[in-house]
Amino acid sequence: MEKEKATNQIGIRITDTLKERINQRAAEEGRTPSNFVINIVTKYLDEVDNAKRLLEKK
């Protein structure tokens, strides 16, 4: 499966504390903050989609 190229951006406002937490965790995992956030959001959306599919089957 071919990976989709990211060409769009969004902007959000976050606290200094949250930014530092993201930066620290991303560094611990050897990733960029952007990659870290994208991974977290993608996993969340996948879980919600899977839960919705399970509920629809009932």
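The residue from Val48, Thr42, Val41 that alone fulfils the side-chain contact (heavy atoms from CB on, under 4.5 Å) condition with Tyr44 is Val48.
Counting only residues at least two apart or on different chains, no salt bridge (charged side-chain N to carboxylate O under 4.0 Å, His left out) pair has a member in residues 37-53.
Rounded to the nearest 0.5 Å, atoms CG (Asn50) and CG (Leu45) are 11.0 Å apart. Glu29 CD to Asn35 CG: the interatomic distance, rounded to the nearest 0.5 Å, is 9.0 Å. One distance of note links CG of Leu18 with CZ of Arg13; it measures 14.5 Å at 0.5 Å rounding. Atoms CG and CZ, on Asp16 and Arg21 in that order, are 13.5 Å from each other to the nearest 0.5 Å.
Side chains of Glu20 and Gln24: a donor-acceptor N/O pair is present below 3.5 angstrom, by distance only.
With hydrophobic clusters built from ILVMFWY side chains whose heavy atoms lie under 4.5 angstrom apart, Ile12 shares a cluster with Phe36.
Atom CZ of Arg25 sits in a sparse spot, with 12 or fewer heavy atoms from other residues, nucleotides or ligands closer than 6.0 Å.
Pairing each heavy atom of Ile22 with each of Pro33, the nearest pair is CG2-CB, 4.0 Å.
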